[in-house]
Amino acid sequence: MTPEEAPLVLVIEDEAPIRQFLRAALASHGYAVAEAATGGDGLRLAAEDKPALVILDLGLPDIDGLEVTRRLREWSSVPLIVLSARGREEDKVAALDAGADDYLTKPFGVKELVARLRVAQRHAVQTPGATDTVLEVGDLRLDFSTRRVFLRGAEVRLTPLEYRLLATLGRTPGRVMTHRHLLAEVWGPGYEDEAHYVRLFMSQLRRKIEDDPARPRYLRTEPGVGYRFLPD
Ligand code: CA
């Protein structure tokens with residue numbers, strides 16, 4: 001890959017050792033890197049450098065990362081992954097609801113980082129309506145055009161809500177969705193605070209499509225945040 005082709009990742013992080021780690025990890029995977037140590041600099045570079053991806057720490061000295069997310073989303077749809085400290089689930093949820101694409105909890109490994117970047121990048125290049133009508137992962141087959149679901153070739157009977165929950169997650173494999181997002185998509189406006197609906201229907205759905213609902217292959221729980229459909 002020539003330098004001109006390397007996608008530019010903007011890292012907005014006030015801790016120098018983490019910036020260094022990210023720079024080395026990203027460079028070794030073929031990314032170019034721009035760095036900002038404050039939210040203000042980060043927003044300026046996001047506008048000037050037009051990065052292909054942004055990695056944003058939520059704990060910044062000047063503008064809170066959540067506020068950076070909101071401001072960035074006023075004019076940019078660049079894929080955005082936020083970094084947060086362990087145990088700050090509410091921060092991640094707020095950032096995802098403000099428009100972040102995904103999150104990583106510190107400390108994280110290079111493999112996890114690169115996997116998340118690839119998912120975020122893939123979803124950024126997909127144009128609405130251009131997605132496949134069939135999704136096949138493992139033994140599961142979702143046909144979005146006929147709204148039918150098959151497990152090892154046998155049709156699985158889902159209720160309309162179960163199907164919508166599965167299809168909403170399956171449309172973007174690998175991408176995390178918050179409880180609020182799923183409630184708004186599947187149940188509609190006014191249900192955003194009814195997280196127990198999601199949990200109830202998720203457990204029904206898992207009993208129908210997972211070999212072991214306690215150790216799901218397809219529908220992963222992101223504790224305190226939401227769910228994601230695992231790709232291959
Ligand atoms: Ca920080």
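Atoms within a ligand are numbered from 1 in the order they appear, just like the ligands themselves. For reference, positions follow the sequence shown, starting with 1. Given the structure is predicted, the values throughout are model-derived calculations rather than measurements.
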#### Entry: Contact flag Glu13/the Ca ion (ligand 1), N/O/S atoms, threshold under 3.0 Å
no

### Message
Regarding Lys106 and Glu15, does a basic nitrogen lie under 4.0 Å from an acidic carboxylate oxygen?
### Response
yes

### Task
Rounded to the nearest 10 degrees, what's the angle OD1 of Asp14 makes with OD2 of Asp57 at the Ca ion (ligand 1)? Could you check?
90°

### Query
Strictly under 3.0 Å, is any N, O or S atom of Leu83 next to the Ca ion (ligand 1)?
no

### Query
More than 12 heavy atoms of other residues, nucleotides or ligands under 6.0 Å from CZ of Arg73: is that the case?
yes

### Message
Tell me whether Arg88 at atom CZ has more than 12 heavy atoms from other residues, nucleotides or ligands lying less than 6.0 Å away.
### Response
no

### Query
Near Phe150 CZ, under 6.0 Å, is it more than 12 heavy atoms from other residues, nucleotides or ligands?
yes

